[in-house]
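So you know, we letter chains A, B, ... as the sequences are listed, proteins then strands, and number each from 1. For clarity, every value in this text was computed on a predicted model and none was experimentally measured. Heavy atoms only: backbone and side chains are in, while hydrogens, waters and symmetry mates are out.
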Number of protein chains: 2
Amino acid sequence: MTTRKDIAERNDRTLLQAARDVLAEDGAHASVAAIAARAGVGIGSLYRRYKTKEELFQRLSVLSLDHWNEAAEQGLADPDPWAGLAGFIYGCVVFGQGSLAPVAGTIEVTQEMSAKARRGDELLDELVQRAHQADVLRKDVAAVDISLLIEQFGRSPVVDQLRKQGRGDLLTAAAEARRRLIAIALDGLRPGHSPLPGSPPGEELFTGRWSNK
Amino acid sequence: MTTRKDIAERNDRTLLQAARDVLAEDGAHASVAAIAARAGVGIGSLYRRYKTKEELFQRLSVLSLDHWNEAAEQGLADPDPWAGLAGFIYGCVVFGQGSLAPVAGTIEVTQEMSAKARRGDELLDELVQRAHQADVLRKDVAAVDISLLIEQFGRSPVVDQLRKQGRGDLLTAAAEARRRLIAIALDGLRPGHSPLPGSPPGEELFTGRWSNK
DNA sequence: TCAAGGCGGAGCGAATCGCTCCGTACTCTG
DNA sequence: CAGAGTACGGAGCGATTCGCTCCGCCTTGA
């Protein structure tokens with residue numbers, strides 16, 4: 001009922017959303033001023049809610065972990081093992097789960113965060129194990145592969161860059177292509193494929209100029 | 001024969017290699033000092049070879065485009081359309097083609113660069129068209145999808161972050177998992193898959209909290 | 001032994017960072 | 001309607017880091 005409270009809550013949401021977006025575009029270099037500007041609020045308002053930049057990022061991190069766990073539980077609730085796993089992966093990816101990678105290591109990990117991360121690992125293990133037992137997931141794909149896939153697809157350098165440059169015309173096309181890519185990767189997780197026929201070629205290809213160790 | 005020249009050339013190579021690595025880890029925030037330190041040379045030596053930071057990045061960009069085109073030509077030379085395309089993709093990915101995305105838009109694009117990029121697009125089109133005609137590539141995958149895939153896999157936030165933190169123990173495991181992921185994605189490009197059975201779920205999943213437009 | 005020049009890094013001005021503080025304007029109550 | 005209370009935006013602080021220059025050192029070749 002109190003209009004004040006509502007506005008405050010909405011501002012808090014747009015703030016976190018802006019933080020995630022700017023983080024995706026600018027990486028670890030993301031500045032507080034840029035986040036506030038993106039959210040359309042003054043710097044002072046940001047600092048009234050979060051004492052420091054680190055506190056904002058920690059809150060964002062907790063939110064991300066919460067989303068992971070909720071998505072995993074929602075996936076486990078699905079009677080279809082594959083639909084559950086795919087839904088979890090897709091949900092994490094479109095959430096932008098990989099956006100926080102650049103700040104990993106720059107913020108202090110609270111015990112709340114590590115506890116939630118541990119629970120997230122357990123849930124993912126369960127999802128993977130269930131999919132394996134139902135034979136709807138390649139046997140040579142482990143939980144760590146799913147984690148990496150989510151992290152890898154959790155942000156798109158091209159899309160982020162286009163958004164940063166304000167190229168709205170190319171953006172929708174790129175976002176659509178990205179969605180296709182995710183679908184392809186998800187499809188590649190299913191069993192029944194021949195064991196990687198002819199691909200990939202060895203790493204020694206084209207690496208004469210760079211050392212890729 | 002002249003030892004001086006040899007050392008200079010080798011230093012130039014390590015410099016570009018270091019620039020690419022630091023760029024992958026630090027993004028657009030990568031500093032000249034960090035690049036020089038990574039290469040094991042002084043800042044003065046870097047600035048003797050490249051007048052400005054932009055010139056270094058432009059050189060790196062040209063090198064990246066050259067690699068793309070060489071890999072594409074090498075792929076076209078392969079009589080097997082699929083092996084040629086897969087080899088091209090894999091070569092570009094392990095090269096770290098996506099590392100330059102953060103600086104795209106921050107450096108001036110020379111006509112040399114745009115010409116090479118244009119030629120690269122043509123070569124990729126040819127590779128894709130050949131694969132389509134031989135029916136070794138999903139019909140619903142276009143050239144732009146391949147581009148995006150290379151950009152998406154061209155750098156791994158997790159691997160880069162681990163390298164930055166010096167976690168050598170986890171690094172090899174993550175790099176190996178990444179390689180598996182690439183193989184899965186390549187496999188997903190092949191035809192004969194059922195048209196994305198049951199996956200992915202709609203984007204409206206889990207997006208109640210964030211607007212993902 | 002000595003001239004020459006590639007080398008590393010201290011240090012410059014400028015820009016940007018995270019963060020504080022205060023004048024302004026809006027909201028709610030009596 | 002008046003006035004107290006409060007949330008807001010943004011100028012500006014010191015500190016840090018940036019790209020880049022300049023100079024003394026030290027290896028190199030004759």
Quick one: [X] [atom1] to [N] [atom2], roughly how many Å, whole number?
X       : N      : atom1 : atom2 : answer
B:Leu46 : C:dG6  : CG    : P     : 16 Å
A:Arg48 : C:dC19 : CZ    : P     : 16 Å
B:Leu56 : D:dC20 : CG    : P     : 10 Å
B:Tyr50 : C:dC7  : OH    : P     : 13 Å
B:Arg49 : D:dC20 : CZ    : P     : 17 Å

All N/O contacts under 3.5 Å from nucleotides 16-18 of chain C to the protein, with atom names and distances to one decimal?
{"residue": "C:dG18", "atom": "OP1", "partner": "A:Lys53", "partner atom": "NZ", "Å": "2.4"}
{"residue": "C:dG18", "atom": "OP2", "partner": "A:Val32", "partner atom": "N", "Å": "3.1"}

In a table with atom names and distances, give each donor-acceptor pair under 3.5 Å that connects a side chain of residues 144-157 of chain A to protein atoms at least two apart or in another chain.
{"residue": "A:Asp145", "atom": "OD1", "partner": "B:Arg180", "partner atom": "NE", "Å": "2.9"}
{"residue": "A:Asp145", "atom": "OD1", "partner": "B:Arg180", "partner atom": "NH2", "Å": "2.9"}
{"residue": "A:Asp145", "atom": "OD2", "partner": "A:Ala142", "partner atom": "N", "Å": "2.8"}
{"residue": "A:Asp145", "atom": "OD2", "partner": "B:Arg180", "partner atom": "NE", "Å": "3.2"}
{"residue": "A:Asp145", "atom": "OD2", "partner": "B:Arg180", "partner atom": "NH2", "Å": "3.3"}
{"residue": "A:Gln152", "atom": "NE2", "partner": "B:Gln152", "partner atom": "O", "Å": "2.9"}
{"residue": "A:Gln152", "atom": "NE2", "partner": "B:Arg155", "partner atom": "O", "Å": "2.8"}
{"residue": "A:Arg155", "atom": "NH1", "partner": "A:Ala24", "partner atom": "O", "Å": "2.6"}
{"residue": "A:Ser156", "atom": "OG", "partner": "A:Val159", "partner atom": "N", "Å": "3.3"}

Under the side chain to side chain contact (heavy atoms under 4.5 Å, CB included) test, residues paired with B:Gln129 that sit two or more places apart: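 For B:Gln129 the side chain to side chain contact (heavy atoms under 4.5 Å, CB included) partners, ignoring immediate neighbours, are B:Gln133.
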
Nucleotide nearest A:Ser45 when distance is taken to its side chain, options C:dC19, D:dT21, D:dC8: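 Between C:dC19, D:dT21, D:dC8, the one nearest the side chain of A:Ser45 would be D:dC8.
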
Test side-chain hydrogen bond (donor to acceptor under 3.5 Å, both in side chains) applied to A:Lys116 - qualifying residues, sequence neighbours left out: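 For A:Lys116 the side-chain hydrogen bond (donor to acceptor under 3.5 Å, both in side chains) partners, ignoring immediate neighbours, are A:Asp66.
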
Six-ring centre of A:Phe95, A:Arg20 cation under 6.0 angstrom, axis tolerance 45°: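 Cation-pi check for A:Arg20 and A:Phe95: passes.
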
I'd like a table of donor-acceptor pairs (distance under 3.5 Å, sequence neighbours excluded) in which one partner is a side-chain atom from residues 121-128 of chain A, with atom names and distances.
none

Using distance only, find each side-chain donor-acceptor pair of residues 38-46 of chain B under 3.5 Å and give its atom names and separation, not counting sequence neighbours.
{"residue": "B:Arg38", "atom": "NH1", "partner": "B:Glu25", "partner atom": "OE2", "Å": "3.3"}
{"residue": "B:Arg38", "atom": "NH2", "partner": "B:Glu25", "partner atom": "OE1", "Å": "2.8"}
{"residue": "B:Arg38", "atom": "NH2", "partner": "B:Glu25", "partner atom": "OE2", "Å": "3.4"}

Position toward the 5' end of DNA chain C (nearest nucleotide), B:Gly40 or A:Ile43: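 So the residue in question is B:Gly40.
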
